[in-house]
Amino acid sequence: MKTPLNFIHAIIEEDIKNNKNESRVHTRFPPEPNGYLHIGHAKSICLNFGTAAKYNGLCNLRFDDTNPVKEDVEYVDSIQEDVKWLGFDWGDRMYYASDYFEQIFQYAVDLIKKGKAYVCDMTAEEIGSNRGTPTKPGTESPYRNRTVEENLDLFQRMRAGEFADGVKVLRAKIDMASPNMHMRDPILYRILHTEHHRTGNQWCIYPMYDFAHGQSDSIEKITHSICTLEFEVHRPLYDWFVKELGIFAPQQIEFARLNLNYTVMSKRKLLQLVQEGLVNGWDDPRMPTICGLRRRGFTPESIRNFAETIGVAKRDNVIDVALLEHCVREDLNKKAMRVMAVLRPLKVVIDNYPENQTEELDAINNPEDETMGSRKVPFSKVIYIEKDDFMEDAPKKYFRLSPGAEVRLRYAYYITCNSVIKDENTGEILELHCTYDPATKGGSSPDGRKVQGTIHWVAAETAVEAEVRLYDRLFVNEFPENVEEGVDYKVNLNNNSLEKITAFVEPFLMGSKLDQKFQFERIGYFCVDKDSVESKLVFNRTVSLRDSWNKNK
RNA sequence: UGUCCGAUAGUGUAAUUGGCAACACGACAGUCUCUGGAUCUGUAGACUCUAGGUUCGAACCCUAGUCGGACAACCA
């Protein structure tokens, strides 16, 4: 069976067939180290590294670090960690645009010498207003016709630090009347007396992204520069630089960025959520960041599979977060060990079970994977079950415990509920009294009688308390950014996106380690949080299991 | 009133490049089950944005239009 090609791979296969670049495929993932990577970047990472792997090519990791005022090593470290965690390897090809500053400076000198760039003394405001609008042409800078010698001298003096921030810029001399705004004498270099996280104080002028990105790709001999749609309008400019400079020409191909409903994806907004304390840091499990998803319990495989499933195209798209959730479930279903945990405990006393007796019952660790073996679960007279698993006046289709009904305790016994003890004042159900059938040990009866439901439980005596963090969507609105003029999108924040509860878990979980993943049977998938310690376990709910009974209501 | 890009079931992506519109998720129904999970089976759901044209034949090519998106940072 041949898998259909996305449009980028179709282009690449055509290029290979035509022996373009000696049929070489070389991509790159070029983040700016000014924030943490999110699921949208994951799409790009999977695309770039995945494409290289598919065509026996290479993929570089390159930091586009041309703006020292926003960038930081904290981000370059986290980006490397996240790309690695996703399962990709850039080998020895980790680069920085700042590695090329000298070369890029020379490119600028070349342009000046060719009369294609000039130093402009206008202020930012003047340049802005002279640029015109998309429908009106701009006007030319009065400095546009400085001589090559003067430009060369001024540009060298900019580099030497003779001028203050903002008083001069280097601009390309292209066409102030171009219908493409990016061709209206774009700024190439600006003065920034700011220490760079890598080059220190070596430079006080820095190239703009537009003057660095394409050339960086060119220097690295990138064959296919895959980027998002908003850079489509920049492509003529990159091509202009390549042509004027006479350097290797990468081919830029643009694709539509990922959008997820109930989620914001812009770095600016994510930063804001962090800075305003609306979430607990970049790796808050509610964040769509890669580190957030990791802490939430997502696996790299599930994210890669998600990227594969959503495909690549040019039209705008909004993916349902439910698809992302489906991808984790699918992966965790195969891998996660099953255990029992009771989130909202209801005490059950089994009246006819001997006092002080404890049994070790066999439980299968993963019915999807025999090799994961089995374990022992202690059982005794007093147990906890889920509050939801009991109903005093149960509807016909309710298969769990109710007065007079018999259910199976998973891997244990059949029990029947005899009486309900309630708080006299509030009517709240405090405990249940049941009897068990000793012949049903292990969960099946010798007489072959069927029970409607199977519920999970934890023996009270050996139960371990654990903090469980239940996460919900960060936003209540499907499109949180769709707000009326002047309204802050944060009004759409979900006030109940995090609920911390104390649960009882089976003792097996006692020694569980950071990032270990479990399925709490009948509830969902959970992982050990980094806040977890020996004396106080903390679990994050990655995603719930489907519950069709609840859904139908 | 500019330039560039896009438009296919609810959502996303395909369609051997001009030859019966398919797959996944979701929905619904059923099967199975010691997890109301998973599995398995099935059903519904699309005048392929509109109108013309080319053609034996158009989702695909052409023309015009409609709608949507991107672009006016010394950000990337």
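Protein chains get the first letters and strands the later ones, always in sequence-line order, with residue 1 at the start of each. Computed from a predicted model, the values in this text were never measured in an experiment.
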In this structure, how many angstroms lie between the [atom2] atom of [N] and the [atom1] atom of [X], rounded?
X: A:Glu386; N: B:G36; atom1: CD; atom2: C1'; answer: 14 Å
X: A:Tyr36; N: B:A76; atom1: OH; atom2: P; answer: 21 Å
X: A:Lys269; N: B:C75; atom1: NZ; atom2: P; answer: 20 Å
X: A:Leu323; N: B:C25; atom1: CG; atom2: C1'; answer: 5 Å
X: A:Ile310; N: B:A24; atom1: CD1; atom2: P; answer: 18 Å
X: A:Leu192; N: B:A73; atom1: CG; atom2: C1'; answer: 13 Å
X: A:Leu47; N: B:U13; atom1: CG; atom2: C1'; answer: 13 Å
X: A:Glu521; N: B:G36; atom1: CD; atom2: P; answer: 9 Å

Base, sugar-phosphate, or nothing for [X], non-hydrogen atoms under 4.0 angstrom?
X: A:Arg410; answer: base
X: A:Met122; answer: base
X: A:Tyr189; answer: nothing
X: A:Val312; answer: sugar-phosphate
X: A:Asn6; answer: sugar-phosphate

Whether the side chain of [X] and the base of [N] hold a donor-acceptor pair under 3.5 Å is what I'd like checked.
X: A:Glu325; N: B:G26; result: no
X: A:Arg400; N: B:G36; result: yes
X: A:Gln519; N: B:U35; result: yes

Flag for [Y]-[X]: side-chain donor and acceptor within less than 3.5 Å:
X: A:Asn540; Y: A:Tyr471; value: yes
X: A:Tyr118; Y: A:Asp185; value: yes
X: A:Glu325; Y: A:Tyr525; value: no
X: A:Ser178; Y: A:Asn180; value: no

Out of [options], whichever nucleotide has its closest atom nearest the side chain of [X]:
X: A:Lys314; options: B:A76, B:C5, B:G2; value: B:C5
X: A:Asn333; options: B:C25, B:C75, B:G37; value: B:G37
X: A:Asn67; options: B:A76, B:G37, B:A72; value: B:A76
X: A:Tyr398; options: B:G26, B:G36, B:A73; value: B:G36
X: A:Arg338; options: B:G37, B:A14, B:C75; value: B:G37

Practice problem: Verify whether the ring centers belonging to A:Phe539 and A:Phe526 lie closer than 6.0 Å. | Solution: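 They do not qualify: ring centres at least 6.0 Å apart.
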Quiz item: Does the separation of the ring centres of A:Phe101 and A:His196 fall below 6.0 angstrom?
Solution: yes
Quiz item: So, A:Thr440 side chain and A:Asp437 main chain: donor-acceptor pair closer than 3.5 Å or not?
Solution: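 Yes: the side chain of A:Thr440 pairs with the backbone of A:Asp437.
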Self-check item: Torsion-based syn/anti label for B:U43, 90° from 0 as limit
Solution: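 Classified anti.
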Self-check item: With A:Ala97 via side-chain contact (heavy atoms from CB on, under 4.5 Å) - residues at least two apart
Solution: A:Asp64, A:Asp65, A:Thr66, A:Ser216
Quiz prompt | Partner set under side-chain contact (heavy atoms from CB on, under 4.5 Å) for A:Glu330, not counting sequence neighbours | solution =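 Scan of A:Glu330 (side-chain contact (heavy atoms from CB on, under 4.5 Å), adjacent residues dropped) gives A:Asn305, A:His326.
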Quiz prompt | Base-paired stems in RNA chain B, each at least three Watson-Crick or G-U pairs under 3.5 Å | solution = B:2-7 with B:66-71, B:10-13 with B:22-25, B:27-30 with B:40-43, B:49-53 with B:61-65
Distances for protein N/O vs nucleotides 9-11 of chain B N/O pairs under 3.5 angstrom?
from  : atom 1 : to       : atom 2 : distance (Å)
B:U11 : O3'    : A:Val318 : O      : 3.3
B:U11 : O2'    : A:Val318 : O      : 3.1

Quiz item: Can you name the side-chain hydrogen bond (donor to acceptor under 3.5 Å, both in side chains) partners of A:Ser225, sequence neighbours left out?
Solution: A:Asp217
If you restrict it to nitrogen or oxygen atoms, what contacts under 3.5 Å exist between nucleotides 68-71 of chain B and the protein, and what is each distance?
from  : atom 1 : to       : atom 2 : distance (Å)
B:G69 : O4'    : A:Asp316 : OD2    : 3.3
B:G69 : O2'    : A:Asp316 : OD2    : 3.4
B:C71 : O2'    : A:His182 : NE2    : 2.9

